[in-house]
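Note that the coordinates shown come from a computational prediction; the quantities given were computed from them, not determined experimentally. Residue numbers start from 1 in every chain, and the chains themselves are labelled A, B, ... in the order their sequence lines are given, proteins ahead of strands.
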Number of protein chains: 2
Amino acid sequence: MADVAREAGVSHQTVSRVLNDHPNVRPDTRARVEEAITRLGYRRNLAARALVTKRSRMLGVVSFDTTLYGPASTIYGIEQAARTAGYFVSIVSLKTLDVDSVRDAIDYLSEQGVDGVVVVAPRRSAGPALESLPSGTPAVAVEGTLRGDVSVVCIDQAEGARLATRHLLELGHRTVHHVTGPPDWLETEGRLEGWRAALEEAGRPVPEPLPGDWSPHAGYAAGRSLAAMDGVTAVFAANDQMALGVLRALSEEGVKVPDQISVVGFDDIPESAFFSPPLTTVRQDFDQVGRHCIEVLLRQLDAGAGTCERLVVPPGFVVRSSTAAAARVP
Amino acid sequence: MADVAREAGVSHQTVSRVLNDHPNVRPDTRARVEEAITRLGYRRNLAARALVTKRSRMLGVVSFDTTLYGPASTIYGIEQAARTAGYFVSIVSLKTLDVDSVRDAIDYLSEQGVDGVVVVAPRRSAGPALESLPSGTPAVAVEGTLRGDVSVVCIDQAEGARLATRHLLELGHRTVHHVTGPPDWLETEGRLEGWRAALEEAGRPVPEPLPGDWSPHAGYAAGRSLAAMDGVTAVFAANDQMALGVLRALSEEGVKVPDQISVVGFDDIPESAFFSPPLTTVRQDFDQVGRHCIEVLLRQLDAGAGTCERLVVPPGFVVRSSTAAAARVP
DNA sequence: CTGTTAGCGCATTCAT
DNA sequence: ATGAATGCGCTAACAG
């Protein structure tokens, strides 16, 4: 910066003023400085700036398996919104979601001096880890913990599951079977709850849910079990990948979808429309979730960390060809 | 840090030494300092450290659409390896991959003082953007540019395509049709080239490739065309999502896979094994690519930016049920 | 082994 | 409208 000042024949704080869009700079001085900046290819040192302003303009994201479509899309939304607002995003992807891993990640990020943290770790067990944040650091959880003192942005999981279940019920199915996500995930619980509620509201029997883990393989295993059971006509899988596994198993067993069994998924991944048959599913607007996270975070940065919001994004529903009216039971 | 020093009854320098694992500290002093650190919940300020060491311990990643499986997996590998090596990762995801976007992203990251940059922007046009890096900043490109002065880590795309094509040829197919990726992508070119080479080596006719864009939708469109053509018995799609689209179109047209037409993909996404039928495909070890990127980067950081490596990861091949011996032409 | 001194590059007073 | 001084929290170089 001193070089630029010398080049432009001004002091280095004038350069600083130009860089920060300070009003008190004569236009021609500003022009001279800007010219010197480009000529020298000068780039300011954000570490030094962070040191004095105590703002790093850096946001931290802690996420589980960023390879999955949901987290990846959410993070994409976060990154876009953050960059637009002039913030960097530093990401930590976790292999496991136990308290210690999350805590370590948060410690790690807070050493780096992030101005705020988004936690995409939708497991009940991850909640307490937020405590290791330096107090005053804004935080927002995606599909977050139920603790009252941290902001949450989420998609209404239960509502999505209800949409799926009702759709099936309205098609004339007597009941709906459910393949769940892994235990301890908040999405798993929300979807389970919405499914159960929809069934109970309609006065239908609630079959034992089949355990899954988000993977197509788990869906496949569940599909085999389903095919072997009597009277199954409708299945709601807790995500699209598992629905794919179900579809596959059913197809191998010679069960026609949707003629004999209807299948609904959750997520609306890009592939869903091209499954065999194209999948009816619940759509989540991950992008919007990401944007909301940043909005909430920035609001907290301005307002001081006191505020705490809860933003719920409604799910959508996409009807394709994997669902049909229940076969007439002879 | 001064607080810790006071608490432990030492100078702040000694605290610094403890933090940096300096050898010259008596064990009991070290213990006292560490105890004070945990008691006070002290966290060092990495911005200040970066200011004086001129090392931010932060790596930048510029990537296109991190929502896609390939980039997402690569970044995951990068992040894991970087964190293990004690580096943070700051990510910029681009919506488009033109020179300006990439250049802006790189400018942005270099203001932040990243110690090195990984560019996951496998388009020919993205190459020149690397020039705007402050000279001396190590950089590595994934599937990178062909310029000689920047390190590259890549998967042997042409070899993968060759594997796929040969597999089909060995199954007795007279020739193999190809659905390409979008133009200007290096992967598109590599796969196209490998496919063509395998065909020519075997003295087979090279049909006009069908244009695609990685999306299942494009695969679907290509699949419709293919179904309408005569004598098509084998298709090599440039990625798994397009293969899925091809599968879907063929199924709608009543064409049996693999009985009438064999289909091969590229990537081995987690869903591939559960397509209808399970997809034969080329496997890419994205994780290893990510790890290699970090290794190369760190090596350049140590050695000075002079060195420039080129690391090629061999592709794998997974045979599943979407390919079979060519139907006997009557 | 430990403490003292200096300065990294910037923004923020306060002068002028 | 501009310049001079001060310090952010830390590490490096040198003393002791």
Side-chain angles (χ1 to χ4, degrees), chain A residues 1-37 40-58 86 88 107-115 134 136-137, chain B residues 1-37 40-58 86 88 108-115 134 136-137 301:
Chain A
M1 183 147 131
D3 301 338
V4 177
R6 203 174 312 115
E7 179 84 9
V10 296
S11 75
H12 65 122
Q13 22 287 29
T14 302
V15 177
S16 173
R17 286 194 184 97
V18 170
L19 252 24
N20 297 322
D21 283 323
H22 225 76
N24 289 357
V25 180
R26 232 189 311 157
D28 61 320
T29 312
R30 177 182 300 276
R32 233 177 37 252
V33 171
E34 279 168 348
E35 207 251 348
I37 286 177
L40 267 49
Y42 165 80
R43 282 199 242 303
R44 83 176 113 190
N45 181 330
L46 292 188
R49 180 218 269 253
L51 187 58
V52 52
T53 58
K54 283 139 173 12
R55 288 292 195 97
S56 61
R57 298 200 74 82
M58 168 82 95
F88 288 91
D107 274 357
Y108 190 67
L109 287 171
S110 57
E111 273 209 331
Q112 204 198 13
V114 291
D115 292 339
T137 306
Chain B
M1 183 149 131
D3 302 338
V4 176
R6 204 175 312 114
E7 179 84 10
V10 296
S11 76
H12 67 123
Q13 195 49 252
T14 304
V15 178
S16 171
R17 286 195 183 96
V18 170
L19 253 24
N20 296 322
D21 283 324
H22 227 75
N24 289 355
V25 180
R26 231 190 310 157
D28 61 320
T29 310
R30 176 181 300 274
R32 233 175 38 250
V33 171
E34 279 168 347
E35 207 251 350
I37 287 177
L40 267 49
Y42 166 80
R43 282 199 242 302
R44 83 176 114 188
N45 181 330
L46 294 187
R49 180 220 269 255
L51 187 58
V52 51
T53 58
K54 283 142 174 6
R55 288 292 194 94
S56 61
R57 298 201 73 82
M58 170 83 98
F88 288 90
Y108 191 67
L109 287 172
S110 57
E111 271 210 334
Q112 204 198 14
V114 292
D115 292 339
T137 306
L301 270 169

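- One interatomic measurement links the two molecules: CG of B/Leu51 to P of C/dC8, which rounds to 9 Å at whole-angstrom precision.
- Per the geometry, NE2 belonging to A/His22 stands 10 Å off P belonging to C/dT13, to the nearest Å.
- In terms of heavy atoms, B/Ala50 sits closest to B/Ser56 at CB-CA, 3.9 Å.
- Interface remark: the A/Gln13 side chain does form a donor-acceptor pair with the D/dA4 base, using a distance-only criterion of under 3.5 Å.
- In this structure, A/Arg17 and B/Ser11 both approach DNA chain C, and ranking their closest nucleotides by distance from the 5' end singles out B/Ser11.
- Atom CG of A/Asp21 and atom P of C/dT12 are 13 Å apart (whole Å).
- For the pair A/Arg55 CZ and C/dG9 C1', the interatomic distance rounds to 20 Å; values are reported in whole Å.
- For B/Arg30 and B/Val52, each mapped to the nucleotide of DNA chain C holding its nearest heavy atom, the one lying further toward the 5' end belongs to B/Arg30.
- Contact check, A/Asn24 against D/dA1: a side-chain N or O comes under 4.0 Å of OP1 or OP2.
- A sub-4.0 Å separation between OP1 or OP2 of D/dC10 and a side-chain N or O of B/Ser16 is absent.
- Listed nucleotides: C/dA11, D/dT11, C/dT2. Nearest to the side chain of B/Arg26: C/dT2.
- Comparing D/dT11, C/dG3, C/dG9 by their closest approach to the side chain of B/Lys54 singles out C/dG9.
- Listed for the A/Arg57 side chain is a donor-acceptor partner under 3.5 Å among the backbone atoms of A/Gly86.
- Checked by atom type and distance alone, the side chain of A/Thr53 pairs as donor or acceptor with a backbone atom of A/Arg49 at under 3.5 Å.
- Using a 4.5 Å heavy-atom threshold, the side chains of B/Leu19 and B/Tyr42 count as touching.
- Atom CZ of B/Arg32 and atom P of C/dC1 are 14 Å apart (whole Å).
- At a threshold of 4.0 angstrom between heavy atoms, the contacts of B/Met1 include nucleobase atoms, whether or not backbone atoms are also involved.
- Close to C/dG9, at under 4.0 Å from its OP1 or OP2, lies no side-chain N or O of A/Tyr42.
- Between A/Pro23 and A/Arg30, the shortest heavy-atom contact is O-NH2, 4.4 Å.
- Regarding contacts with the backbone of C/dA11, a side-chain N or O of A/Asn20 is found under 4.0 angstrom from either OP1 or OP2.
- Both A/His12 and A/Asp28 lie close to DNA chain D; mapped to their nearest nucleotides by heavy-atom distance, the more 5′-ward contact belongs to A/Asp28.
- Considering every non-hydrogen atom in both B/Gly9 and B/Arg32, the closest pair reads O-NH2, 4.1 Å.
- No donor-acceptor contact under 3.5 Å links the side chain of B/Arg43 to the base of D/dG9.
- OP1 or OP2 of C/dG3 has at least one side-chain nitrogen or oxygen of B/Thr14 nearer than 4.0 Å.
- C/dG9 atom P lies 15 Å from atom CD of B/Glu111, rounded to whole Å.
- In this structure, the CG atom of B/Leu19 is 12 Å from the C1' atom of D/dG9, given to the nearest Å.
- Summarising the geometry, the separation between CZ on A/Arg44 and C1' on C/dA11 is reported as 11 Å, rounded to the nearest angstrom.
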